[in-house]
Peer 1: 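Pasting a structure below so you can have a look.
Order of the sequence lines sets the chain letters (A, B, ...), proteins ahead of strands, with each chain counted from 1.
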There are 2 protein chains.
Amino acid sequence: MQTDDPRSDRTPTLADVARLASVSTATVSRCLNSPDRVIEDTRNKVMKAVRELGYAPNFNARALAAKRTNTIGAIIPTMENAIFARGLQAFQEELGRNGITMLVASSSYQSDLEEEQIRTLVSRGADGLLLIGYRRDPRIYEFLKRQGVPVVIAWGYDPKAQVPTVGFDNFAAMKSLAGKVIGMGHRRIATITASTHDNDRASERLAGILAAMVEAGIPETDLSIVETTYGIDEGGAALEHLMTLPDRPSVVMCGNDVLAVGVIAKAQELGLNVPADLSVTGFDDIEIAKISSPPLTTVHVPHRRMGKEAARLLINLVGSDRPNGKVLIETSLQMRESLTEYAD
Amino acid sequence: MQTDDPRSDRTPTLADVARLASVSTATVSRCLNSPDRVIEDTRNKVMKAVRELGYAPNFNARALAAKRTNTIGAIIPTMENAIFARGLQAFQEELGRNGITMLVASSSYQSDLEEEQIRTLVSRGADGLLLIGYRRDPRIYEFLKRQGVPVVIAWGYDPKAQVPTVGFDNFAAMKSLAGKVIGMGHRRIATITASTHDNDRASERLAGILAAMVEAGIPETDLSIVETTYGIDEGGAALEHLMTLPDRPSVVMCGNDVLAVGVIAKAQELGLNVPADLSVTGFDDIEIAKISSPPLTTVHVPHRRMGKEAARLLINLVGSDRPNGKVLIETSLQMRESLTEYAD
DNA sequence: ACCTGCTATGCAAGCGCTTACATTGATCGG
DNA sequence: CCGATCAATGTAAGCGCTTGCATAGCAGGT
């Protein structure tokens, strides 16, 4: 024996609300989406029914019918450390101000996983996507173009790339820091970096160091390079390795602040004084850079501004078919005590 | 003039694939969802068509028709610091192993925002939800029950609560640490905590300190309490305030490691030696606790294990209508150099 | 040769919404 | 007082899938 009692355990639908308010489903829908297209009396009646039933619209049905979701997706390499947190927060805030929801996924720095996440987010109906760094299989960009999903790239900047971008020049920033390091007399330089294989930020930062060395007449081969994954402990381990080398570095330039902080901790553990025995630099200027002891010399990246700009660009891109848009974010050197003049 | 060319710019649908493979949409659907229910020849034909068209299923349509999403949602108070990152990562990994996607939202420690996020995730069809802490408007639990969406609470543990939980005893953990602090001779104790209003973890930790004091015969009123928001700088600011007090504390027990690290940095800035002039403790044992200098005495929480157990419980709950399930995670004291005997 | 019991596939009815279009009834100028 | 205009609402056709049920074809037992 079936019952049509709307108070059954089935979760209420638009039709239930419509029935209870004695209007059509179209009217209920309009009440919810464009209230001003419905006269006040009716609206009140409908809203009462909504409350009475505890009705909540089914997002999937809505997305299916309306072909947009007011949702944009963001895929970041990791949530485990703070590198992306602040920028993403700002990104989300700006989206929120525009009534858009953010969906995050993290790819663990694996490009195949990232590709999967992209497909997932697209098939979930994301109206747009935020991705980190521009280097990825061109088929992905084609796929996104086919699907009509706009993308914005952040954290990197390739003037040649044909994709909307809000980022900074990793190469120039690191080159500038390296120039400073060299200017302070350091010659035995080491770097600890993330895998440069499919991480454009890492490889450009590395290239920046090399460029500064070449400019100063130091042979490229003098740079000791350790590739590892981002993480405090990984930074420490990398330093231990460097310290077994015949020609110990006087400075370690790290690919990011997380590694750098790990290096400082490990150096102290090994009885080295930072910066007297070993200078250390980072990249990003996240919170721990300031509170590390000694405080970390690093490249300051205005993450919040970047996140906000990225959101704006993406919002403009959705709907419009403007082909492009590029914002270059300026970075700056943040000199603190972890880097000092080289004293022989 | 319309065209039926499937290579039009419209993104391909199941029907396009079916047409190209000369089968019905039902068969295509089966190929994708239960390949073994379709004979190999047909399957190959279909898969070829899928590739040829670059077909990707529409998640919303699928969710609408199938009434499940293989998605679970997690709402955490913040992504800005590392407190939840590790646990969430483990949670996600375990879900991934079971073919389930995680959706995250962050509530910025605001219960109204959290409520909104809950509704959002539910209306998006999340099959289950992970929430942090148990204290919230009972209407929310009712709503979730009505919608038939199972919930697991993590990071907190209320033996009386009727909700599935995977958490630890914040009260007991902090009481134990406070007992240790008192045992080391400290009497002028201060605490810096998150707002205890609708944060059960914070208020239980605070209660733990008070209980230990009472047990040791120290009047509760001797505890200086500063409420602030979680953040490194906020910790520092809170310490500055404490230091203006007539009776300066000999130890600051912080509600979490982030605050504690901020306190240590600020103390050093103020010319205080930690721990000689001021002892500091944290809570969580996240990465920075270990690399802070001095390293931080704190409560170790096995976040990864908690995340994994939470995922398992949630997976079991989805589908089954088992009413409950509770896992208590054990914490331990992690003694490091930031806490030392009180020397008058 | 016929029936039974499979298995592989097709048919078609929704899932819960949005929205183009149709309908209705009021308002108003002439 | 009539038709044009317009605002408010209703009608119903999808959106792109899944899935219960119907069908067809085939192997094997009798």
Peer 1: With respect to the phosphate group of C:dG10, does any side-chain polar atom (N or O) of B:S24 fall under 4.0 Å of OP1 or OP2?
Peer 2: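 Looking at the OP1 and OP2 atoms of C:dG10, one of them is under 4.0 Å from a side-chain N or O of B:S24.
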Peer 1: Once you round it to whole Å, what is the distance between C1' of D:dA13 and CG of A:L64?
Peer 2: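 Roughly 13 Å, once rounded to whole Å.
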Peer 1: In whole angstroms, how far is the C1' atom of D:dG14 from the CG atom of B:N60?
Peer 2: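 Roughly 16 Å, once rounded to whole Å.
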Peer 1: Please check if the side chain of A:N98 supplies one atom and the backbone of A:I100 the other of a donor-acceptor pair under 3.5 Å.
Peer 2: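 It does not hold such a pair.
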Peer 1: Do A:D200 and A:D158 have side-chain heavy atoms sitting under 4.5 Å apart?
Peer 2: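 Side-chain contact under 4.5 Å: no.
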Peer 1: Please state how far atom CZ in A:R124 lies from atom C1' in D:dC17, giving the value in whole angstrom units.
Peer 2: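 To the nearest whole Å, that distance equals 15 Å.
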Peer 1: Using 0.5 Å steps for rounding, measure from the CD1 atom of B:I83 to the CD1 atom of B:I132.
Peer 2: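 So the gap between those two atoms works out to 10.5 Å.
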Peer 1: Once rounded to the nearest 0.5 Å, what's the spacing between atom CZ of B:R62 and atom CG of A:N60?
Peer 2: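 If we round to the nearest 0.5 Å, B:R62:CZ and A:N60:CG are 12.0 Å apart.
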Peer 1: What string of B, S and - do you get for nucleotides 18-26 of chain C, 5' to 3', when a contact is any protein heavy atom under 4.0 Å?
Peer 2: BB-------
Peer 1: In this structure, how many angstroms lie between the P atom of C:dT9 and the CD atom of B:E40, rounded?
Peer 2: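 My rounded result for the distance is 11 Å.
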Peer 1: Is there a donor-acceptor contact under 3.5 Å from the side chain of A:N316 to the main chain of A:L313?
Peer 2: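 Side chain of A:N316 to backbone of A:L313, a donor-acceptor pair under 3.5 Å: no, none is there.
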Peer 1: Which is more 5' along DNA chain D, the nucleotide nearest A:R43 or the one nearest B:A15? Just name the residue.
Peer 2: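 It is A:R43 whose nearest nucleotide is closer to the 5' end.
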Peer 1: Rounded to whole Å, how long is the line connecting atom CG of B:D36 with atom P of C:dA8?
Peer 2: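 Distance, rounded to whole Å: 9 Å.
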Peer 1: Would you check if A:R124 and B:T71 make a side-chain contact, meaning some heavy-atom pair closer than 4.5 Å?
Peer 2: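 Yes - at least one pair of side-chain heavy atoms lies under 4.5 Å apart.
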Peer 1: Quickly work out the A:D16 CG to C:dC15 P distance and round it to whole Å.
Peer 2: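 Rounding to the nearest Å, CG of A:D16 and P of C:dC15 are 11 Å apart.
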Peer 1: Rounded to whole angstrom units, what separation is found between the NZ atom of B:K67 and the P atom of D:dG16?
Peer 2: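 Whole-Å distance recorded here is 20 Å.
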Peer 1: Given axes from five pairs at either end, by how many degrees does the helix from C:dA1-D:dT30 to C:dG30-D:dC1 bend, rounded to 10°?
Peer 2: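 Nearest ten degrees gives 50° for this helix.
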Peer 1: Distance from A:T69 atom OG1 to A:L64 atom CG, nearest 0.5 Å?
Peer 2: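 One gets 12.0 Å once the value is rounded to the nearest 0.5 Å.
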Peer 1: Using the ring of each side chain (for Trp, its six-membered ring), is A:Y109 parallel, tilted or perpendicular to A:Y230, with breaks at 30° and 60°?
Peer 2: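 Ring orientation of A:Y109 relative to A:Y230: perpendicular.
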Peer 1: Of the options C:dC17, C:dG10, D:dT9, whose atoms approach the side-chain atoms of A:T42 most closely?
Peer 2: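 Given the options C:dC17, C:dG10, D:dT9, the side chain of A:T42 is closest to D:dT9.
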Peer 1: Considering only side-chain heavy atoms of A:V23, which listed nucleotide, D:dG10, D:dC15, C:dC17, is closest?
Peer 2: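 Selected nucleotide: D:dG10.
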Peer 1: Is a side-chain N or O of B:S195 found less than 3.5 angstrom from the main chain of B:H197, in a donor-acceptor match?
Peer 2: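 Here the side-chain-to-backbone pair exists.
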Peer 1: Rounded to the Å, how far apart are B:F59 CZ and D:dG16 P?
Peer 2: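 Value for this atom pair: 16 Å.
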